Trainee: 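I have a structure here, written as structure tokens, and I will follow up with some questions on it.
None of the values given here were measured: they were computed from a predicted structure. Quick note: numbers below take in every heavy atom, side chains included, and nothing from hydrogens, waters or symmetry partners.
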Amino acid sequence: MKVSEFLDNNDVPPFLLGAFYGKYEFTNNGKFIYTYSTYRNYSKVYDNKALCLKSKQTFIIQANEISKPYPYWQKGNALYPKADIVFPLENDLGLTKDNFFNRLNRKILNSAFIYEPHLTEEKKMFIRGFSELRASLDRSRNLLTMDYVKNSAQETKRVRLLIDQLNVPVYVVNYNFREFQPDYRSGKKRETQLRFNIYWYATNIGFINEYRVAAFKENFNFISIKTDGVVTYFDCAQPLESDNTTFENRLAYYTHNVFNRKLTKTDLINFKKLINATEENNSFKRDFSIVSYVKYLTEDKCVCCCDDYDIKDRTHIEAKTGRYHFEIHHMISLGKNKELDNVDNLAKLCPACHASLSRGSANENVQKELIRKIFKHKNNILTFCESYFDEKDFETVVDLVWKSLK
């Protein structure tokens, strides 16, 4: 399969998208881009060499079944070192690693299944592709762990996709930063790990590979087993959470890891009031939460006109919050009633600037100058737009964002 077909076709299954999003490499000559899996007999977890070998064969069959209409999984060979099974793409576009990730990320963000409000089967398949090819079982901590292979700066934000678009609860996913690992401090350079609570994963996502299924049976507690097609689910006791766990942990994730702030009790109380959260309605919904984070947790200034005007001359004080009123602008609009709700795609603007960035509300030169000002004040937004459009030329990015206004 050519990479141009993979990126352009609308029928690429979520499993393949997840597989490449989680792990990909280039051949030494740059002619192929591939995702892969290496199966080893994990003797410390489950010593069964025969089943491990057999699973390499059955997994190719299973992966091809769920990758239709593109059943191109095959055995590894010398062209793909360390790969037991591999899905290659011919690099007919001559892409670099950054080019490929940027275009893959854009393809995923434009996929309809990403914007469904629940953890759908398509989302589960994406997560299986993302995890199943490289995950290891950690029985001492009850985790499913994946080394986080970093190919570009944008890739470090993949966890946001899991939480914001794929409905993975924030309390079951975490990072183990390599700098905090004992091996790293002793001189062994380990990759950062992305980790799921294994009981949540086994119950809600399930396993495809039969060796991993057998290893889970041997090492972890479960109530019952259910097989649905190629997926095996385990009914397990779930990680405990209070009524506020999802709410507070997700808010903490954004304050600590995205906005570099320390979450306070006052933040929690005020944010609940802002979004009208109650004990009965104490959960985050994707359609408003990301926008609410940016509106509440970022500095009260317009990232467009802050150098030109005093904010008191551009907006009003809200009676409910006692803070200046701001509006959130999506820099890149997807259209078709979909909004790209990524914190790096959202600009906090005064009402005047926001109104000026509606399509047709001002002339092209004025609107492009406003876009330039936003990029000047918010480098993370510029970086996101560069990645989305796979374009580094500043003025070209400004033009592409302008064309996406709605």
Trainee: Are any of the side-chain nitrogens in E369 or R372 under 4.0 Å away from the carboxylate oxygens of its partner?
Mentor: yes

Trainee: Measure centre to centre between the rings of Y70 and F87, then say whether the value is under 6.0 Å.
Mentor: no

Trainee: Please confirm whether K123 makes a cation-pi placement over F113, using NZ or CZ under 6.0 Å from the six-membered ring centre and within 45° of the ring normal.
Mentor: no

Trainee: Can K107 and D8 be counted as an ion pair, charged N to O under 4.0 angstrom?
Mentor: no

Trainee: Would the number of heavy atoms belonging to other residues, nucleotides or ligands and lying under 6.0 Å from CZ of F220 be above 12?
Mentor: yes

Trainee: Please confirm whether the backbone N or O of L405 pairs with a side-chain atom of R359, one donor and one acceptor, at under 3.5 Å?
Mentor: yes

Trainee: Do D300 and I311 touch side chain to side chain, with heavy atoms closer than 4.5 Å?
Mentor: no

Trainee: Kindly state whether the ring of Y34 and the ring of F32 have centres lying under 6.0 angstrom apart.
Mentor: no

Trainee: Does any donor atom in the side chain of S140 or D138 lie under 3.5 Å from an acceptor atom in the other side chain?
Mentor: yes

Trainee: Could you check whether any side-chain N or O of S55 sits under 3.5 Å from a backbone N or O of N209, counting only pairs where one atom can act as donor and the other as acceptor?
Mentor: no

Trainee: How about Y24 and F100: are their ring centroids closer than 6.0 Å?
Mentor: yes

Trainee: If you apply the rule side-chain contact (heavy atoms from CB on, under 4.5 Å), what do you find for K56 with Y211, and how did you get there?
Mentor: CA-CA 9 Å; K56 295 178 186 180; Y211 177 72; over 6 Å; no

Trainee: Quick one: do D307 and K376 make a salt bridge, cutoff under 4.0 Å?
Mentor: yes

Trainee: Under the 3.5 angstrom rule, does the side chain of D399 hit a backbone N or O of E395 as a donor-acceptor pair?
Mentor: no

Trainee: Do S356 and Q367 pair up side chain to side chain, a donor and an acceptor below 3.5 Å, judged on atom types alone?
Mentor: no

Trainee: Is it true that D98 and T96 share a donor-acceptor pair across their side chains at a distance under 3.5 Å?
Mentor: no

Trainee: Can a donor-acceptor pair be found, under 3.5 Å and without considering hydrogens, that links the side chain of H330 to the backbone of L346?
Mentor: no

Trainee: For residues E116 and N167, report the shortest heavy-atom separation together with the two atoms involved.
Mentor: O-OD1, 3.9 Å

Trainee: In terms of side-chain geometry, is the basic nitrogen of K348 or E299 positioned less than 4.0 Å from the acidic oxygen of its partner?
Mentor: no

Trainee: Could you pull out the closest heavy-atom pair between I328 and V291, with the gap in Å?
Mentor: CG1-CG1, 3.5 Å

Trainee: Quick check: closest heavy atoms across C350 and C302, and the distance to 0.1 Å?
Mentor: N-SG, 3.4 Å

Trainee: Walk me through it: do Y46 and K217 pass the test side-chain contact (heavy atoms from CB on, under 4.5 Å)?
Mentor: CA-CA 10 Å; Y46 183 65; K217 286 182 183 178; over 6 Å; no

Trainee: Please name the pair of heavy atoms, one in S404 and one in I332, separated by the smallest distance, quoted to 0.1 Å.
Mentor: OG-CA, 3.7 Å

Trainee: Which atom names give the shortest non-hydrogen contact between T35 and A19, and what distance separates them?
Mentor: OG1-O, 3.1 Å

Trainee: Pick from N342, N110, N102, N105: which one makes a side-chain hydrogen bond (donor to acceptor under 3.5 Å, both in side chains) with Y388?
Mentor: N110

Trainee: Both conditions, 6.0 Å and 45 degrees, for the charged tip of R323 above the ring of F326: are they met here?
Mentor: no

Trainee: Determine whether more than 12 heavy atoms belonging to other residues, nucleotides or ligands lie under 6.0 Å from atom NZ of K124.
Mentor: yes

Trainee: Ring-plane angle category for F15 and F59, please: parallel below 30°, perpendicular beyond 60°, tilted otherwise.
Mentor: tilted

Trainee: Indicate yes or no: at least one non-hydrogen side-chain atom of Y36 is less than 4.5 angstrom from one of R134.
Mentor: no

Trainee: In plain terms, say whether E364 and K368 are close enough for a salt bridge, that is, a side-chain N and a carboxylate O under 4.0 Å apart.
Mentor: yes

Trainee: With side-chain contact (heavy atoms from CB on, under 4.5 Å) as the criterion, how do L95 and R103 come out once you've worked through the C-alpha distance, each side chain's angles and the decisive distance to 0.1 Å?
Mentor: CA-CA 10 Å; L95 301 178; R103 299 190 188 192; 3.7 Å; yes

Trainee: Is there a side-chain hydrogen bond (donor to acceptor under 3.5 Å, both in side chains) between S4 and D92 once you walk through the steps?
Mentor: CA-CA 7 Å; S4 57; D92 61 319; 2.6 Å; yes

Trainee: Does L104 reach the side chain of R106, with side-chain heavy atoms less than 4.5 Å apart?
Mentor: no

Trainee: Which pair of heavy atoms, one from P351 and one from H325, lies closest together, and at what distance?
Mentor: CG-CD2, 3.7 Å

Trainee: Charged N to carboxylate O below 4.0 Å: is that the case for K54 and E210?
Mentor: yes

Trainee: Does any N or O in the side chain of N197 come within less than 3.5 Å of the main-chain N or O of W200, such that one atom is a donor and the other an acceptor?
Mentor: yes

Trainee: Do Y21 and F101 have their ring centres less than 6.0 Å from each other?
Mentor: yes

Trainee: Could you check N221 against C236 for side-chain contact (heavy atoms from CB on, under 4.5 Å), going step by step and ending with a plain yes or no?
Mentor: CA-CA 7 Å; N221 297 320; C236 305; over 6 Å; no

Trainee: Would a 4.5 Å heavy-atom cut-off, applied to side chains only, mark L137 and L143 as touching?
Mentor: no

Trainee: Fit a plane to each ring of F222 and F216, take the angle between them on a 0 to 90° scale, and name the class: parallel (under 30°), tilted (30 to 60°) or perpendicular (over 60°).
Mentor: tilted

Trainee: Hey, are the side chains of L357 and I371 touching, using non-hydrogen atoms and a 4.5 Å cut-off?
Mentor: yes

Trainee: Decide, yes or no, whether a salt bridge links K392 with E386 under the criterion of side-chain N to carboxylate O below 4.0 Å.
Mentor: yes

Trainee: Ring-plane angle category for H329 and H354, please: parallel below 30°, perpendicular beyond 60°, tilted otherwise.
Mentor: perpendicular

Trainee: For the side chain of E132 and the backbone of I208, is there at least one donor-acceptor N/O pair under 3.5 Å apart?
Mentor: yes

Trainee: Is N363 reaching over with its side chain to a backbone N or O of V366, donor-acceptor style, under 3.5 angstrom?
Mentor: yes

Trainee: Any donor and acceptor pair, going by atom type alone, linking the side chain of T203 with main-chain N or O of F234 inside 3.5 Å?
Mentor: yes

Trainee: Determine whether F6 and F20 satisfy the following criterion, ring pair (Phe, Tyr, Trp, His ring centres under 6.0 Å), listing intermediate values before the conclusion.
Mentor: CA-CA 11 Å; F6 178 83; F20 275 97; 5.0 Å; yes

